[in-house]
Protein chains: 2
Amino acid sequence: MRLTTKGRYAVTAMLDLALHANHGPVSLADISKRQEISLSYLEQLFAKLRQNDLVASVRGPGGGYKLSREAETVFVAQIIDAVNESVDTTNCGGKGDCQNGEVCLTHYLWCDLSEQIHKFLSGISLASLVERSEVKRVAERQDAKQQSPVSENAGMITASNLV
Amino acid sequence: MRLTTKGRYAVTAMLDLALHANHGPVSLADISKRQEISLSYLEQLFAKLRQNDLVASVRGPGGGYKLSREAETVFVAQIIDAVNESVDTTNCGGKGDCQNGEVCLTHYLWCDLSEQIHKFLSGISLASLVERSEVKRVAERQDAKQQSPVSENAGMITASNLV
DNA sequence: ATATAACCGAGTATTTTACTAAGGTATTGT
DNA sequence: ACAATACCTTAGTAAAATACTCGGTTATAT
């Protein structure tokens with residue numbers, strides 16, 4: 001199974017996109033600052049997200065990325081699948097040729113686990129994450145931190161409410 | 001999350017142990033042959049399994065390893081925990097200091113996932129695996145293969161590699 | 001025109017994995 | 001007794017993957 005920073009970054013970035021969806025396209029530079037992810041790395045991840053039709057891009061000044069679909073219909077499993085190979089935990093890739101062309105002793109166990117994980121992550125939409133109070137709190141903290149060092153810019157993100 | 005060959009090997013080896021428990025201690029050389037895992041690598045894994053009191057060793061000729069407890073009370077999660085760090089999917093190790101000492105946007109998601117995986121693997125005992133018909137079939141295949149090529153040689157590993 | 005920001009490809013330091021090598025040390029059949 | 005067996009330990013290492021950087025091109029709003 002491959003669930004590393006890459007997949008985590010992708011989900012984080014997509015969630016950032018969903019959280020700031022109501023202010024037009026979001027630039028990777030903004031995501032980079034808020035989530036502290038390298039800009040170049042984000043570009044590589046978004047290339048894959050775009051290939052999998054999870055995001056759409058708007059070029060030029062004021063451009064950025066936006067979700068291709070409604071946040072209700074984008075699931076965490078899809079995001080991880082897009083940047084990783086899969087959430088498969090077998091080392092044969094589910095093909096069952098783990099031991100000289102035949103299945104190894106624990107093949108079925110890892111198949112079951114993979115299915116379990118995939119089901120779980122397939123049940124979590126971006127929209128459901130956006131609505132979580134813990135997520136909201138973190139997002140507000142990040143937005144506030146991003147604005148504070150710059151006294152008065154043209155940004156119109158407004159702080160909404162602080163806790 | 002770290003679920004790689006290491007954890008898979010450990011579970012496979014423990015299952016092999018459980019399957020051959022009724023013939024006295026099982027040597028690592030036997031497991032190495034049956035499961036096609038490097039002997040030295042197995043030794044390293046079993047050092048950790050022993051530290052976590054999952055197996056007990058019997059030294060000297062005819063010696064080997066056996067389970068410390070009944071197969072009904074040994075769970076897959078324990079085995080993976082013993083050789084890996086954990087099945088944690090956060091990159092802060094569950095501490096919540098992922099972003100400058102504070103939680104990152106997706107922290108709670110990975111916590112939930114980790115819990116999910118751990119629960120699943122904590123519910124699967126070695127005994128339950130031994131009883132699975134698919135596992136039995138694979139085990140029989142491996143046992144047959146191990147015996148057949150040894151016609152008359154007292155030698156052990158022979159060529160081991162081909163095709 | 002120019003700044004902005006998406007796009008693209010190649011390269012690279014670091015880390016992890018999955019081993020190998022080379023020695024031990026302890027136990028036991030003979 | 002003693003050699004065979006098998007556990008135990010440490011150190012090292014090739015290959016792969018990760019997590020980036022760097023340098024550039026293309027498109028578009030102003």
Side-chain angles (χ1 to χ4, degrees), chain A residues 1-10 12-13 17 20 23-33 35-52 54-66 68 80 83-86 88-89 91 93 98 153-155, chain B residues 1-13 17 24-33 35-52 54-66 68 80 83-86 89 91 98 154-157 160-161:
Chain A
M1 156 129 182
R2 235 181 264 155
L3 184 47
T4 62
T5 311
K6 197 195 288 185
R8 264 181 251 126
Y9 277 176
T12 302
L17 222 56
H20 299 87
H23 304 101
V26 181
S27 74
L28 293 189
D30 282 351
I31 300 179
S32 172
K33 273 179 249 168
Q35 308 305 332
E36 300 179 11
I37 304 171
S38 141
L39 178 59
S40 296
Y41 201 38
L42 275 177
E43 286 176 349
Q44 289 172 40
L45 297 180
F46 272 77
K48 294 192 177 185
L49 295 174
R50 204 174 60 97
Q51 283 162 25
N52 286 296
L54 291 173
V55 297
S57 66
V58 179
R59 302 183 76 149
Y65 285 94
K66 52 181 184 169
S68 291
I80 292 175
V83 296
N84 276 354
E85 307 268 331
S86 65
D88 187 28
T89 56
N91 74 338
C98 348
N153 57 0
Chain B
M1 157 129 182
R2 235 179 265 156
L3 183 47
T4 62
T5 311
K6 196 195 290 185
R8 265 181 251 127
Y9 277 175
V11 175
T12 301
L17 223 55
V26 181
S27 73
L28 293 188
D30 281 353
I31 300 178
S32 173
K33 274 179 250 170
Q35 307 305 332
E36 300 179 10
I37 304 171
S38 142
L39 177 59
S40 295
Y41 201 37
L42 275 177
E43 286 177 347
Q44 290 173 42
L45 297 179
F46 272 77
K48 294 192 176 184
L49 295 174
R50 202 177 62 96
Q51 282 162 27
N52 287 297
L54 291 174
V55 297
S57 65
V58 180
R59 304 184 78 148
Y65 283 95
K66 53 181 184 168
S68 292
I80 292 175
V83 296
N84 275 355
E85 305 270 329
S86 65
T89 55
N91 73 340
C98 350
M156 20 322 295
I157 311 175
S160 72
N161 56 350

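The structure presented is a predicted model; accordingly, all values stated were derived computationally and were not measured. Numbered from 1 within each chain, the chains take letters A, B, ... in sequence-line order.
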Interatomic distance, CG@Asn52(A) vs OG@Ser68(A), rounded to 0.5 Å, equals 10.0 Å
Go through the structure and list residues passing side chain to side chain donor-acceptor pair (under 3.5 Å) with Glu36(B), not counting sequence neighbours.
Asn100(A)
Taking for each residue the nucleotide of DNA chain D bearing the nearest heavy atom, is the 5' side occupied by Tyr9(A) or by Ala47(B)?
Ala47(B)
Within less than 4.0 Å of OP1 or OP2 of dC8(D), is there a side-chain N or O belonging to Ser57(B)?
yes
Between CD of Gln35(B) and P of dA18(C) the distance, given in whole Å, is 16 Å
Using the six-membered ring wherever Trp is involved, compare the ring planes of Phe46(A) and Tyr65(A) and label them parallel, tilted or perpendicular (cut-offs 30° and 60°).
tilted
Whole-Å distance, Ile37(B) CD1 to dT17(C) C1', equals 15 Å
Roughly how far apart are Ser32(A) OG and Glu43(A) CD, rounded to 0.5 Å?
9.5 Å
Separation of dC8(D) atom C1' from Leu28(B) atom CG, nearest Å, is 10 Å
Rounded to the nearest 0.5 angstrom, the NZ-CD distance for Lys6(A) and Gln44(A) is 8.5 Å
To the nearest 0.5 Å, what is the distance between OG1 on Thr12(A) and CG on Leu42(A)?
10.0 Å
Could you tell me how far apart Leu45(B) (CG) and dA6(D) (C1') are, to the nearest whole angstrom?
17 Å
Drop me the distance from Gln35(A)'s CD to Asp30(A)'s CG, to the nearest 0.5 angstrom.
10.5 Å
Tell me what Tyr65(B) touches on the nucleic acid: a base, only sugar-phosphate, or nothing, going by heavy atoms under 4.0 Å.
sugar-phosphate
Taking dA19(D), dT17(C), dA5(C) as options, the one with an atom nearest any side-chain atom of Lys6(B) is dT17(C)
Between C1' on dC19(C) and CD on Glu36(B), what's the gap in Å once rounded to a whole number?
16 Å
Distance test, side-chain N/O of Thr5(B) to OP1/OP2 of dA18(C), below 4.0 Å:
yes
Just how far, in rounded Å, is P of dT9(D) from CG of Leu42(B)?
16 Å
For nucleotides 20-30 of chain C, just jot down a letter per nucleotide in 5' to 3' order: B, S or -, based on protein non-hydrogen atoms under 4.0 Å.
B----BSBB--
Between Phe46(A) (CZ) and dC7(C) (C1'), how many Å, whole number?
13 Å
Quick one: is dA19(D) close enough that its OP1 or OP2 comes under 4.0 Å of any side-chain N or O from Thr4(A)?
yes
